[in-house]
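Following: one structure in structure tokens, then a few remarks.
We use all heavy atoms of the structure for the numbers below, so side chains are in, but hydrogens, waters and symmetry mates are not. Along the sequence shown, residues are numbered consecutively beginning with 1.
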Amino acid sequence: QVNLVESGGDSVQAGGSLRLSCSAPGVTFSDYCVAWFRQAPESGREAVAIIDPAGRTVYRSSVKGRFTVSPGSAKNTLDLQMNSLKLEDTAMYYCAAGDCVYMSTAARVRYWGKGTQVTVSS
């Protein structure tokens, strides 16, 4: 019943911007923490931004000031606005939902989308 579908991934030059969206019709944001993770080649899946039911957000240090996670304009959607993109932001980006206590660790996340690719080039 819970389906997470990401969109918005693209190829962009360094310094550019992208806006990712997660459609999550089966997720009630009041019941779960929702988040964006990313996984670069030969790297583990890491949390990028997390938002809790109260709307409080947590970002990994490398994206603070550049990325913003927020509810989307449509119901049951979650956006990730990415500005000032860097080469190291290149990764598959995943929408996720789960228990807030465990959301920072990929292995403990309950629900995953299939990902959307973001490629940043010089």
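Side chain of N76 to main chain of V27: a donor-acceptor pair is present (N/O by atom type, distance under 3.5 Å, no hydrogens or angles).
Counting heavy atoms from C-beta outward, R110 and Y102 have side chains that stay 4.5 Å or more apart. With a 4.5 Å cut-off on side-chain heavy atoms, P41 and S43 do not count as touching. Contact of the C33 side chain with the P53 side chain is registered, since non-hydrogen atoms from C-beta on lie closer than 4.5 Å. Side-chain atoms of T90 and V118, non-hydrogen and from C-beta on, never get closer than 4.5 Å to each other.
In the displayed structure, R19 atom CZ is contacted under 6.0 Å by more than 12 heavy atoms of other residues, nucleotides or ligands. Environment of CD in Q13: sparse, with no more than 12 heavy atoms of neighbouring residues, nucleotides or ligands closer than 6.0 Å.
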Take L18 and L85 through the test side chain to side chain contact (heavy atoms under 4.5 Å, CB included) and record every step on the way to the result. CA-CA 8 Å; L18 284 174; L85 284 162; 4.1 Å; yes

Working for side chain to side chain contact (heavy atoms under 4.5 Å, CB included), residues L80 and M82: CA-CA 6 Å; L80 182 68; M82 305 185 294; 3.8 Å; yes

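In this structure, N83 CG and T68 OG1 are separated by 6.5 Å, a value rounded to the nearest 0.5 Å. Atoms SG and CG, on C100 and D52 in that order, are 5.5 Å from each other to the nearest 0.5 Å. Annotation: the span from N3 atom CG to C22 atom SG amounts to 10.5 Å, rounded to 0.5 Å. Once rounded to the nearest 0.5 Å, the distance linking CZ of R66 with OG of S17 reads 10.0 Å.
Between A97 and M103, the shortest heavy-atom contact is C-SD, 3.8 Å. The two residues L20 and G9 have their closest heavy-atom pair at CD2-N, 3.5 Å. In this structure, A91 and A40 approach most closely via the heavy-atom pair CB-N, 3.8 Å. Nearest heavy atoms, V69 versus I50: CG1-O, 4.3 Å. Closest non-hydrogen pair, V120 versus D89, comes out as CG2-CB, 4.3 Å. When every heavy atom of S70 is checked against every heavy atom of L78, the shortest pair comes out as O-CD1, 3.5 Å.
Under the 4.5 Å side-chain contact rule for hydrophobic residues, V109 and V2 do not share a cluster. Tracing side-chain contacts under 4.5 Å through hydrophobic residues (I, L, V, M, F, W, Y), one never reaches V5 starting from Y32; they form parts of separate clusters. Two different hydrophobic clusters hold V34 and M92 under the rule that ILVMFWY side chains link at heavy-atom gaps under 4.5 Å. Criterion: ILVMFWY side-chain heavy atoms under 4.5 Å apart, direct or through other members. Under it, I51 and V58 are not part of a common hydrophobic cluster.
A cation-pi arrangement is found for R45 relative to Y94, the charged atom lying closer than 6.0 Å to the ring centre and inside a 45° cone about the ring normal.
Checking T116, T77, D79 one by one against S21, the side-chain hydrogen bond (donor to acceptor under 3.5 Å, both in side chains) holds for a single residue, D79. The ring pair (Phe, Tyr, Trp, His ring centres under 6.0 Å) test with F37 is passed by exactly one of Y93, W112, Y111: W112.
Salt bridge R60/E46: present, at least one basic N to carboxylate O contact under 4.0 Å.
In this structure, the ring of F67 has its center no less than 6.0 angstrom from the ring center of W36.
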